[in-house]
There are 2 protein chains.
Amino acid sequence: MTVKVTRSMLKRQAIIDGALSAFQQYGVSDTSMDKIAQTAQVSKRTVYNHFESKEQLVTHIIKEIWRQNILTCDIEYQADMALDVQLAALLKNELDFLSNQNLQELIRVAIGYCLFNPDIFTAEMSEFFEQETALVRWIKQAVSAGRLRQVEPQKAHAQLISLLKGQAFWPQILHQQPVLTNAQIEELTEDTVAFFLAYYQA
Amino acid sequence: MTVKVTRSMLKRQAIIDGALSAFQQYGVSDTSMDKIAQTAQVSKRTVYNHFESKEQLVTHIIKEIWRQNILTCDIEYQADMALDVQLAALLKNELDFLSNQNLQELIRVAIGYCLFNPDIFTAEMSEFFEQETALVRWIKQAVSAGRLRQVEPQKAHAQLISLLKGQAFWPQILHQQPVLTNAQIEELTEDTVAFFLAYYQA
DNA sequence: TGAAAAGTAAACTAGTTAGTGTAAAAATAC
DNA sequence: GTATTTTTACACTAACTAGTTTACTTTTCA
């Protein structure tokens, strides 16, 4: 059942890890292929054997980062449970994800690259942002069960995510605020649940 | 009363404008001093006569961008006017600011640079983010007038700004969404006012 | 064991980069 | 009108860049 790990695969992974580590430290433009090879403890030629160009290596990694940036969560709407408890669990889950320091570093690299290379978005990336999340699904179900007011689920979802990201994501991405503590996550969850349900609960 | 404009000042401004234009197109790292001189229609030596190094030129411009990123608004709390009308005016003002395409391009440059040069923040930049805005002042006054619930004004302010930026700023910065139309700004204002006052109005 | 595949170091190309030195030309100041 | 400041073009350094070539070693795998 264990998959054979070839040396080639190990080298390839070392290159990706090394590149990512260098990108996090210096940004994409200020990371040279020599630096990547050095960081990965690999010959520069090996880098070019695995990736035709710097451009290819970069886009591979950026796409991989966005691919990881999909929240999987299997919390479903339950008819017999209080709304605030359910919503709190969903938001907590989302916040744990957004507050993950490792993810934030990855996204910082992706953003730094995509800001001035917007082409990478349009086609392949948009799918990542348009897919239905567990939170949207939950809102839809709660609305059709008559326990939330009649709203566009996408709009309510956008409001919730804005409230979370505005405190727990963007300030950290910009290095303005440290990553939230568990207590702060708890507080933000409660505040947001109360705020949201005051307006939307049926 | 008109201030004398020397040639030196004109050249200096041309350099700043040229650098900014190049930064917006290519990002800071991928803009060379030769390119800046060329864009500014100025000799490269003149660039170095005005700015000792690329680093100095860049930080000067980045600081200037953040300095402009201060919302000045003279709408004050008025005891005899409906809260929703007042808040709508404040949010509209803020949204017009955030939706300004020119500002978004400036901030994209600043963010692109600051992502991997966080040092520029800590000392000199923090003041820009900590100053009291018209919106905070308004919330404070409305609270002490007993027309909004007792809350930390900073927290309520942060929630409002998160709701606006999540729809009208961050998606545009990341090139995911086009700048909002006037109708969309109108809708976002109304939604946000209703959402906010449902929870906070006394 | 032995051939094929993958990795290595190091030198190399050709282009770019930040920043300097210089001497002439142009604008400014008085 | 002369002295001073500023701008200019251009050549230059020294370092770095993406990517290639070569000659050699190590790993894989049948």
Side-chain angles (χ1 to χ4, degrees), chain A residues 1-63 109 112-113 116-117 119-120, chain B residues 2-63 109 112-114 116-117 119-120:
Chain A
M1 219 59 222
T2 55
V3 181
K4 179 75 179 287
V5 178
T6 65
R7 180 179 63 154
S8 185
M9 289 161 68
L10 286 174
K11 294 287 174 181
R12 188 186 172 86
Q13 196 55 50
I15 292 166
I16 292 173
D17 293 345
L20 190 48
S21 156
F23 291 161
Q24 288 177 1
Q25 208 171 344
Y26 308 107
V28 171
S29 291
D30 293 334
T31 297
S32 69
M33 292 297 263
D34 288 277
K35 188 78 194 167
I36 291 172
Q38 191 186 322
T39 308
Q41 295 270 59
V42 139
S43 148
K44 184 180 177 181
R45 203 60 188 81
T46 303
V47 178
Y48 279 99
N49 283 343
H50 283 276
F51 298 95
E52 269 184 19
S53 63
K54 185 182 178 184
E55 180 72 16
Q56 277 207 10
L57 172 57
V58 170
T59 55
H60 176 268
I61 290 181
I62 301 293
K63 287 178 186 171
V109 173
Y113 183 74
F116 300 102
N117 298 276
D119 303 340
I120 202 179
Chain B
T2 53
V3 181
K4 178 75 177 290
V5 178
T6 65
R7 182 179 60 151
S8 185
M9 286 161 68
L10 286 174
K11 294 286 174 180
R12 188 186 171 87
Q13 196 53 50
I15 292 166
I16 293 174
D17 293 344
L20 191 47
S21 156
F23 291 161
Q24 287 177 3
Q25 208 170 344
Y26 308 108
V28 172
S29 292
D30 293 334
T31 297
S32 69
M33 292 296 263
D34 288 275
K35 186 79 195 169
I36 291 173
Q38 191 186 320
T39 306
Q41 295 270 58
V42 139
S43 145
K44 183 180 177 180
R45 207 61 185 79
T46 303
V47 177
Y48 278 99
N49 284 345
H50 282 275
F51 298 94
E52 269 183 19
S53 63
K54 184 182 178 183
E55 179 74 16
Q56 276 206 12
L57 172 57
V58 170
T59 55
H60 176 269
I61 289 180
I62 301 292
K63 285 178 186 171
V109 173
Y113 183 74
C114 293
F116 300 102
N117 298 275
D119 304 341
I120 203 180

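Note on naming: letters A, B, ... go to the chains in the order of the sequence lines (proteins, then strands), and numbering restarts at 1 for each one.
- Under 4.0 angstrom from either OP1 or OP2 of D/dT7 there lies at least one side-chain N or O belonging to B/Ser8.
- Qualifying side-chain hydrogen bond (donor to acceptor under 3.5 Å, both in side chains) partners for B/Tyr48, counting only residues two or more places apart in sequence or in other chains: none.
- The stretch residues 45-57 of chain B touches DNA chain C through B/Arg45, B/Tyr48, B/Ser53, B/Lys54, each having a heavy atom within less than 4.0 Å of the strand.
- For A/Thr59, there are no side-chain hydrogen bond (donor to acceptor under 3.5 Å, both in side chains) partners two or more places apart in sequence or in a different chain.
- What separates CG of B/Leu10 from C1' of D/dT7 is a distance of 13 Å, to the nearest Å.
- Remark: A/Thr46 pairs with no residue by the side-chain hydrogen bond (donor to acceptor under 3.5 Å, both in side chains) rule, at least two apart or across chains.
- For residues 12-20 of chain A, proximity to DNA chain D is found at no residue, defined as any non-hydrogen atom under 4.0 angstrom from a strand atom.
- Shown here for B/Glu55 and B/Tyr113, the closest heavy-atom pair between the two residues is OE2-OH, 3.2 Å.
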message: Run B/His50 and B/Ser8 through side-chain contact (heavy atoms from CB on, under 4.5 Å) and show every step you take.
response: CA-CA 9 Å; B/His50 282 275; B/Ser8 185; 3.4 Å; yes
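- Partners of A/Arg45 by side-chain hydrogen bond (donor to acceptor under 3.5 Å, both in side chains), not counting sequence neighbours, listed by chain and number: A/Asn49.
- Note on the helix from C/dT1-D/dA30 to C/dC30-D/dG1: angle between the axes of the first and last five pairs equals 30°, rounded to 10 degrees.
- Scored by the ring-ring contact (aromatic ring centres under 6.0 Å, His included) test, B/Phe116 finds no partners at all (sequence neighbours excluded).
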Got a list of side-chain donor-acceptor pairs under 3.5 Å for residues 9-25 of chain B, not counting sequence neighbours?
residue	atom	partner	partner atom	Å
B/Gln13	NE2	B/Asp17	OD1	3.1

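- Residue contacts shown for B/Lys44 include a base, since a base heavy atom lies under 4.0 Å away.
- Only B/Thr31, B/Ser32, B/Met33, listed by number, bring a heavy atom of residues 25-39 of chain B to less than 4.0 angstrom from any atom of DNA chain C.
- The distance between atom CZ of B/Arg7 and atom P of C/dA25, rounded to the nearest whole Å, is 15 Å.
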Got a list of side-chain donor-acceptor pairs under 3.5 Å for residues 33-41 of chain A, not counting sequence neighbours?
residue	atom	partner	partner atom	Å
A/Asp34	OD2	A/Lys44	NZ	3.3
A/Thr39	OG1	A/Lys35	O	2.7

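- Within the model, atoms OG of A/Ser29 and CG of B/Asp30 stand 3.5 Å from one another, a figure rounded to the nearest 0.5 Å.
- Using a 4.0 Å cut-off, no side-chain N or O of B/Lys11 falls inside it from OP1 or OP2 of C/dA27.
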